[in-house]
Amino acid sequence: NSIWLSTFGEGLFRLDDPNNDLSTSIITLFNTKNESLTNDLVMDIFPDSEGNMWVATFGNGLTQIVESVFYEPFNPEFLEKHTINTVEHDSKGRIWLGIEKGLFMSQGKAGKTDFEYYHLGGAEVTTICEDRFGSIWVGTHNSGIFKLKANGSGFNRVKITSHPLGNFINQIAPYTGGVLVCTKGGLFKLNSTGSVTLTLTTLDGLPHNNIKTTLEDSEGRIWIGTNSNRVCYFIDGKIRFIEKGDAQRIVDVNHIMEDG
């Protein structure tokens, strides 16, 4: 399996760990310089059910990676009308697009433009996540978290903290028991009902409270990218850091993904 790191300015990094030893991992860079991406300002990445990777960029729409081939499958005229902050392809085949005011949902066919719209009070959507129970969670720029109702008719607000910075949601990611929520005020672990079961901040050893991205990998490690130049992970109740030389230049990480 590989770990994918998206950045806003340096493109995509892939960490291959064939020996299950992070100190010997192989780092591969995909960007405009090697002509693998059309834009180095990557907003989001996610895998679909067929193992393909999708990349949302700032100003250049969506790119799909199929067997190491990069191409753009969606209608560019539709994408030009909206700033797409985040993308999610759920287990029902729906594609969710988070925009500057609310979000759109499509059944996921390339070129399809009849999207269903959810206003969410005009909130700017920054992240969309399907948890491992099939529920859809939505994070916003400064209006907290919303969860899709069981009947799909709309979204309910989920309160996780009284601290104002906890309403600035950078990312929501699935984990074994619910979701991990990255905010400007720390990392929160929520169970499937929305109750907070763990909070991590600088008081617990994180290098910064502005958490940009997170991932629970197949080994049970929770990877954490913060507003700093250090990538760390949480396991066995401790925060550990990647200290390899090449990793020190990976800055402004805004997404982490494990493939395979």
Side-chain angles (χ1 to χ4, degrees), residues 2-15 27-90 94-106 108-113 115 123-130 138-141 168-173 182 210-215 223 225-227 229 231 249-259:
S2 302
I3 299 295
W4 292 77
L5 308 174
S6 70
T7 71
F8 196 75
E10 296 188 41
L12 287 173
F13 290 85
R14 187 183 67 203
L15 278 65
I27 300 176
T28 304
L29 174 62
F30 303 94
N31 60 15
T32 54
K33 292 181 180 179
N34 55 35
E35 299 183 349
S36 53
L37 289 179
T38 58
N39 193 326
D40 293 333
L41 306 177
V42 180
M43 302 289 290
D44 197 7
I45 55 175
F46 74 97
D48 62 24
S49 58
E50 298 178 355
N52 306 313
M53 300 294 292
W54 292 72
V55 184
T57 63
F58 184 81
N60 282 75
L62 289 171
T63 297
Q64 188 181 30
I65 308 173
V66 181
E67 296 181 352
S68 300
V69 177
F70 293 66
Y71 77 102
E72 300 174 5
F74 271 89
N75 184 344
E77 293 183 2
F78 168 78
L79 296 177
E80 288 174 357
K81 297 178 182 178
H82 303 281
T83 298
I84 300 176
N85 296 327
T86 184
V87 185
E88 176 73 8
H89 186 200
D90 69 20
R94 300 171 297 188
I95 291 182
W96 299 82
L97 305 176
I99 63 171
E100 63 276 12
K101 290 185 178 181
L103 73 159
F104 286 99
M105 184 272 290
S106 166
K109 295 183 179 180
K112 190 177 180 64
T113 56
F115 294 87
E124 179 180 359
V125 173
T126 55
T127 179
I128 307 167
C129 170
E130 181 184 25
V138 175
T140 66
H141 172 63
F168 290 80
I169 313 299
N170 294 320
Q171 186 194 26
I172 305 174
C182 303
N210 189 359
I211 313 299
K212 307 290 284 297
T213 183
T214 188
L215 166 76
W223 290 79
T226 71
N227 191 29
N229 65 348
V231 178
R249 70 187 184 91
I250 302 177
V251 297
D252 196 21
V253 174
N254 56 32
H255 205 96
I256 303 174
M257 182 67 63
E258 180 181 26
D259 66 14

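Worth knowing before you read on, the calculation uses all heavy atoms, side chains too, and leaves out hydrogens, waters and symmetry mates. Sequential numbering from 1 along the given sequence is applied to the chain's residues. Computed from a prediction, not measured in an experiment: that's the story for all the values here.
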What heavy-atom pair brings Trp223 and Thr214 nearest, and what distance separates the two atoms?
O-OG1, 2.7 Å

Gap between atom OG of Ser36 and atom CG of Asn31 - 0.5 Å precision:
5.5 Å

side-chain hydrogen bond (donor to acceptor under 3.5 Å, both in side chains) partners of Thr86, counting only residues at least two apart:
Asp44

Applying side-chain contact (heavy atoms from CB on, under 4.5 Å) to Asn39 and not counting sequence neighbours gives Leu41, Thr57, Asn60

Just one of Pro47, Ser6, Ser2 clears the side chain to side chain contact (heavy atoms under 4.5 Å, CB included) bar with Met257, so which one?
Pro47

Would you please name every residue forming a side-chain hydrogen bond (donor to acceptor under 3.5 Å, both in side chains) with Thr32, sequence neighbours left out?
Asp40

Here the gap from Leu37 atom CG to Phe30 atom CZ, rounded to the nearest 0.5 Å, amounts to 8.5 Å

Any residue meeting side-chain hydrogen bond (donor to acceptor under 3.5 Å, both in side chains) with Glu88, in chain and number order, not counting sequence neighbours
none

Closest heavy-atom pair, Phe104 versus Ile99, reported as atoms and distance to 0.1 Å, is CE1-CD1, 3.3 Å

When you look at Ile256 and Ile3, which way does the side-chain contact (heavy atoms from CB on, under 4.5 Å) test go after all the steps?
CA-CA 7 Å; Ile256 303 174; Ile3 299 295; 3.4 Å; yes

Thr127 (side chain) donor-acceptor with Gly139 (main chain) under 3.5 angstrom
no

Atom of Ala173, atom of Cys129 and distance for their closest heavy-atom approach:
C-SG, 3.7 Å

I'd like to check the side-chain contact (heavy atoms from CB on, under 4.5 Å) partners of Thr140; sequence neighbours left out, ordered by chain and number.
Ala123, Ser143, Phe146

How many angstroms lie between CG in Leu103 and OG1 in Thr126, if you round to the nearest 0.5 Å?
11.0 Å

To check you understand the geometry: which heavy-atom pair defines the closest contact between Glu258 and Leu215, and what is its length?
N-CD2, 3.6 Å

side-chain hydrogen bond (donor to acceptor under 3.5 Å, both in side chains) against Thr213, all qualifying residues, sequence neighbours excluded
Gln171

Closest heavy-atom pair and its distance - Ile128, Gly98
CD1-N, 3.5 Å

Looking at Thr226 and Ile211, would you say the former's side chain and the latter's main chain have a donor-acceptor pair under 3.5 Å?
no

Taking atom CG of Leu29 and atom OG1 of Thr7, what is their separation to the nearest 0.5 Å?
8.0 Å

In Å and rounded to the nearest 0.5 Å, what is the CZ to CG distance from Arg14 to Leu5?
11.5 Å

Which of parallel (below 30°), tilted (30 to 60°) and perpendicular (above 60°) describes Phe8 and Phe58?
perpendicular

Check the pair Lys212, Asn210 against side-chain contact (heavy atoms from CB on, under 4.5 Å), reporting the backbone distance first and the verdict last.
CA-CA 6 Å; Lys212 307 290 284 297; Asn210 189 359; 4.2 Å; yes

NE2 on His141 to CG on Asn170, rounded to 0.5 Å
9.5 Å

If we ignore hydrogens and angles and just use 3.5 Å, is the side chain of Asp259 paired with the main-chain N or O of Trp4 as donor and acceptor?
no

